[in-house]
Amino acid sequence: MKIIVTKNYDELSQKSFEVIKQVVTENPFAVLGLATGSTPLGTYALMQSDHKHNKTSYKNVTIINLDEYVGLRKNHCQSYAYFMQENLFCNIDVDEKNCHIPNGMAESLQNECERYSALLQTHKQDLQLLGVGPNGHIAFNEPNTPFDSLTHVTTLTQSTILANSRFFNNPNEVPKQALTMGMKEILQAKKILFLATGKSKAQIVKKMLEKVSIDCPASALLLHPDVTVILDEESASLL
Ligand code: GLP
């Protein structure tokens with residue numbers, strides 16, 4: 001595991017962007033596993049401006065997102081489909097048919113999970129980008145999710161609902177369930193890029209790097225052969 005500590009969020013985003021750009025430049029047909037949340041926003045902004053100014057192309061790139069809330073329409077402003085559209089897809093040349101996000105409105109959530117797992121079988125991620133929740137969740141794999149799990153429906157913990165309620169009018173509006181890529185499918189990526197920023201992540205960053213433990217999903221990254229962890233000084237402050 002390679003750990004990079006940057007001075008601040010801007011430097012973290014720059015380094016993270018450079019890793020993604022290298023993957024896409026080396027392989028224009030790369031499969032990128034992407035994440036939502038506020039952490040990757042700076043990275044996505046740099047990808048957009050690089051596309052505009054340097055013409056880095058995503059035309060043949062496949063994007064497979066980690067997760068989606070159950071019950072939000074694609075055009076709901078808090079759906080992850082909307083988030084990706086607004087914060088990345090709309091300003092790069094990625095082909096819509098190569099962009100994948102679980103459908104949280106599917107009639108059968110079980111079938112949707114199976115469809116997504118099958119997609120991940122044939123499209124293994126060259127790079128998987130990850131943030132982390134305050135309780136150590138990656139994607140929406142909450143504490144105690146088995147490390148061999150595939151895409152599944154998960155019930156969000158109170159801690160996750162509270163953490164994510166900052167984007168909604170109040171905690172009651174946060175969906176109680178989500179579809180999430182499973183731990184096994186995250187760990188299948190050739191390369192993992194993990195980002196954490198700010199004081200509120202310092203405790204969980206310390207915990208995940210201490211030892212592999214099922215109650216901290218992010219600690220499963222200790223088992224992966226190619227992980228780059230990029231932190232800012234605040235999230236690295238307890239190391
Ligand atoms: C959500 C997403 C995670 C993300 C987490 C952290 O719960 N499902 O994939 O890592 O938020 O978000 P933030 O980057 O805003 O702290």
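We count ligands from 1, going down the list as the structure has it; atoms in each ligand are counted the same way. When reading the values below, keep in mind they use all heavy atoms of this one structure, side chains included, and skip hydrogens, waters and symmetry mates.
- Between the side chains of Gln125 and Gln128, at least one donor N or O sits under 3.5 Å from an acceptor N or O.
- Only the side chain of Arg166 comes within 4.0 Å of ligand 1, judged by heavy-atom distances.
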Take Lys59 and Asp93, measure what salt bridge (Lys or Arg N to Asp or Glu O under 4.0 Å) needs, and give me the verdict at the end. CA-CA 5 Å; Lys59 199 162 43 98; Asp93 62 345; over 6 Å; no
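- The NZ atom of Lys206 sits 6.5 Å away from atom CD of Gln203, with the distance rounded to the nearest 0.5 Å.
- Scanning the protein heavy atoms around atom 4 (C) of ligand 1, the nearest turns out to be Thr36 O, 4.0 Å.
- Neither the backbone nor the side chain of Leu130 comes within 4.0 Å of ligand 1, counting heavy atoms alone.
- Among all non-hydrogen protein atoms, the one lying nearest atom 5 (C) of ligand 1 is His137 NE2, 3.8 Å.
- At a heavy-atom distance under 4.0 Å, no atom of Ala35 approaches ligand 1.
- Distance check: Ile101 CD1 to Ser79 OG gives 7.5 Å after rounding to the nearest 0.5 Å.
- Protein heavy atom closest to atom 12 (O) of ligand 1, with residue, atom name and distance, is Gly37 CA, 3.8 Å.
- Counted by atom type alone, Thr154 and Glu142 present zero donor-acceptor pairs between their side chains at under 3.5 Å.
- The backbone N or O of Gly198 lies less than 3.5 Å from a partner atom in the side chain of Asp232, making a donor-acceptor pair.
- Below 4.0 Å from some heavy atom of Asp67 lie the following atoms of ligand 1, by number and element: 2 (C), 8 (N), 9 (O).
- Between Phe83 and Tyr80, the two ring planes are perpendicular [angle over 60°; tilted spans 30° to 60°].
- Two rings, from Phe140 and Tyr69, have their centers less than 6.0 Å apart.
- Proximity of Ala139 to ligand 1, defined as any heavy-atom pair under 4.0 Å, is confined to the backbone N, CA, C and O atoms.
- For Phe83, no heavy-atom contact with ligand 1 is shorter than 4.0 Å.
- For Ser117, the side chain to side chain contact (heavy atoms under 4.5 Å, CB included) criterion is met by Leu150, Thr151, Glu185, not counting sequence neighbours.
- For ligand 1, the atoms lying closer than 4.0 Å to a non-hydrogen atom of Asn164 are 1 (C), 7 (O).
- Looking only at atom types and distance, the side chain of Ser13 has no donor-acceptor partner in the side chain of Ser16 under 3.5 Å away.
- For the pair Val132 and ligand 1, the shortest N or O to N or O distance falls below 3.5 Å.
- Closest protein heavy atom to atom 16 (O) of ligand 1: Lys201 NZ, 2.7 Å.
- Considering both main-chain and side-chain atoms, Thr160 never comes within under 3.5 Å of ligand 1 through any nitrogen or oxygen pair.
- Counting heavy atoms closer than 4.0 Å to ligand 1, residue Thr39 contributes atoms from both its backbone and its side chain.
- Those atoms of ligand 1 that come under 4.0 Å of a heavy atom in Phe140, given as number and element, are 7 (O), 8 (N).
- Near Gly131, meaning under 4.0 Å from one of its heavy atoms, ligand 1 places the atoms 10 (O).
- Scanning the protein for heavy atoms near atom 2 (C) of ligand 1, the closest one is Tyr80 OH, 3.7 Å.
- Counting heavy atoms from C-beta on, the side chains of Ile192 and Leu129 never come closer than 4.5 Å.
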